[in-house]
Amino acid sequence: MSLLSLLMAATAATSPAPMVDAATLAAIEATCLDYVDGQLEGDPARVARALHPDLAKRAVTGDTPDERLGLRRMSKEELVSLTRQGVLKTPKEQWNRSCRILDVTAETAAVRLETPWFVDHFHMGRYGDRWIIVNALWHMKPR
């Protein structure tokens, strides 16, 4: 590795991350909480407003007889319908969830949501002042 490459790598590693204003962080967290709290409350409208119309929600299922490198796919409509059915409805005193913002750029964010039951990794997009979940990759935790 050349001296210039080493210097550039060291500079990149020590450069501070761009500052993200508090309002942006609050808006991203609010979207994450709309997604999870909406499901825990059984509020389909709250869940729907957090999701892009073309949401790609997936879970890795591994190889199956029908698909190599299998994925379980879910659309916005399916998730909203499951919420309407109350599939994850949980008394508030049992809620234990956290949203951790991993990265933010001008128009995208990466967020990790954790509950006792599952973990979601989101890609969010900024649309004006709103942040919306575009992609979600999730897995169930062992019981």
Side-chain angles (χ1 to χ4, degrees), residues 1 5-143:
M1 188 179 254
S5 297
L6 285 171
L7 184 58
M8 288 173 60
T11 302
T14 60
S15 297
M19 294 300 293
V20 179
D21 62 276
T24 297
L25 295 174
I28 292 168
E29 183 178 48
T31 298
C32 181
L33 293 174
D34 278 345
Y35 172 91
V36 67
D37 292 356
Q39 291 179 70
L40 297 174
E41 293 168 346
D43 183 345
R46 189 168 181 191
V47 173
R49 78 173 173 229
L51 304 176
H52 188 279
D54 196 26
L55 171 74
K57 180 173 170 70
R58 297 184 172 104
V60 173
T61 61
D63 291 342
T64 68
D66 299 321
E67 183 176 23
R68 172 124 172 81
L69 302 177
L71 292 172
R72 182 190 185 294
R73 295 164 179 85
M74 188 182 304
S75 67
K76 174 182 179 176
E77 293 77 20
E78 289 173 283
L79 184 56
V80 170
S81 177
L82 289 170
T83 302
R84 188 174 292 110
Q85 296 168 35
V87 171
L88 286 179
K89 196 165 183 175
T90 304
K92 195 163 192 166
E93 62 274 2
Q94 294 177 23
W95 292 10
N96 180 15
R97 78 280 190 266
S98 65
C99 296
R100 192 169 74 204
I101 300 168
L102 305 174
D103 189 36
V104 181
T105 66
E107 287 133 4
T108 65
V111 178
R112 183 179 194 275
L113 164 67
E114 185 166 354
T115 74
W117 312 284
F118 57 86
V119 174
D120 274 282
H121 291 90
F122 299 137
H123 290 136
M124 292 188 190
R126 179 183 226 155
Y127 295 88
D129 292 333
R130 289 182 62 207
W131 286 87
I132 300 172
I133 299 167
V134 177
N135 298 312
L137 183 63
W138 67 281
H139 75 91
M140 294 294 294
K141 287 182 164 182
R143 297 227 175 208

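Heavy atoms only: backbone and side chains are in, while hydrogens, waters and symmetry mates are out. In this chain, numbering begins with 1 at the start of the sequence shown.
- Q85 and S81 share a side-chain donor-acceptor pair at under 3.5 Å.
- Side-chain atoms of V47 and D34, non-hydrogen and from C-beta on, never get closer than 4.5 Å to each other.
- T31 places a side-chain N or O within donor-acceptor distance of the main-chain N or O of W131, the cut-off being under 3.5 Å.
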Q) Which is it for L113 and F118 under the side-chain contact (heavy atoms from CB on, under 4.5 Å) test, yes or no, and what are the steps along the way? A) CA-CA 8 Å; L113 164 67; F118 57 86; 3.9 Å; yes
Q.
One pair to check against salt bridge (charged side-chain N to carboxylate O under 4.0 Å, His left out): E41 and K89. What are the steps and the verdict?
A. CA-CA 5 Å; E41 293 168 346; K89 196 165 183 175; over 6 Å; no
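- Note that CZ of R46 and CD of Q39 are 11.0 Å apart. Values are rounded to the nearest 0.5 Å.
- Put simply, CG on L55 and CD on E78 are 9.5 Å apart, with the number rounded to the nearest 0.5 Å.
- Counting only distance, with no hydrogens or angles, the side chain of E29 and the backbone of A26 share no donor-acceptor pair below 3.5 Å.
- Environment of CD in Q94: crowded, with over 12 heavy atoms of neighbouring residues, nucleotides or ligands closer than 6.0 Å.
- Taking the six-membered ring where the residue is Trp, F122 and Y35 present perpendicular rings, their angle passing 60° and hence far from 30°.
- Under a 4.0 Å N-O distance rule, the pair E114/R112 qualifies as a salt bridge.
- C32 and V111 get closest at one heavy-atom pair: SG-CG1, 4.1 Å.
- Here the options are N135, I133, V134, the test is side-chain contact (heavy atoms from CB on, under 4.5 Å), and the partner is H52; only V134 passes.
- With rounding to the nearest 0.5 Å, the separation of CD1 in I132 from CG in L51 is 9.0 Å.
- Side-chain contact check for D21 and T24: at least one donor-acceptor pair (N or O, by modelled atom type) lies under 3.5 Å.
- For NZ of K92, the number of neighbouring non-hydrogen atoms (other residues, nucleotides, ligands) closer than 6.0 Å is 12 at most.
- The NE2 atom of H121 sits 16.0 Å away from atom CZ of R58, with the distance rounded to the nearest 0.5 Å.
- Between the CD1 atom of I28 and the CG atom of L102 there is a distance of 10.5 Å, given to the nearest 0.5 Å.
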Q: Could you please spell out the steps behind the salt bridge (charged side-chain N to carboxylate O under 4.0 Å, His left out) verdict for R97 and D37?
A: CA-CA 9 Å; R97 78 280 190 266; D37 292 356; 2.7 Å; yes
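- For the pair V119/W138, no side-chain contact is recorded, criterion being any heavy-atom separation below 4.5 Å from C-beta on.
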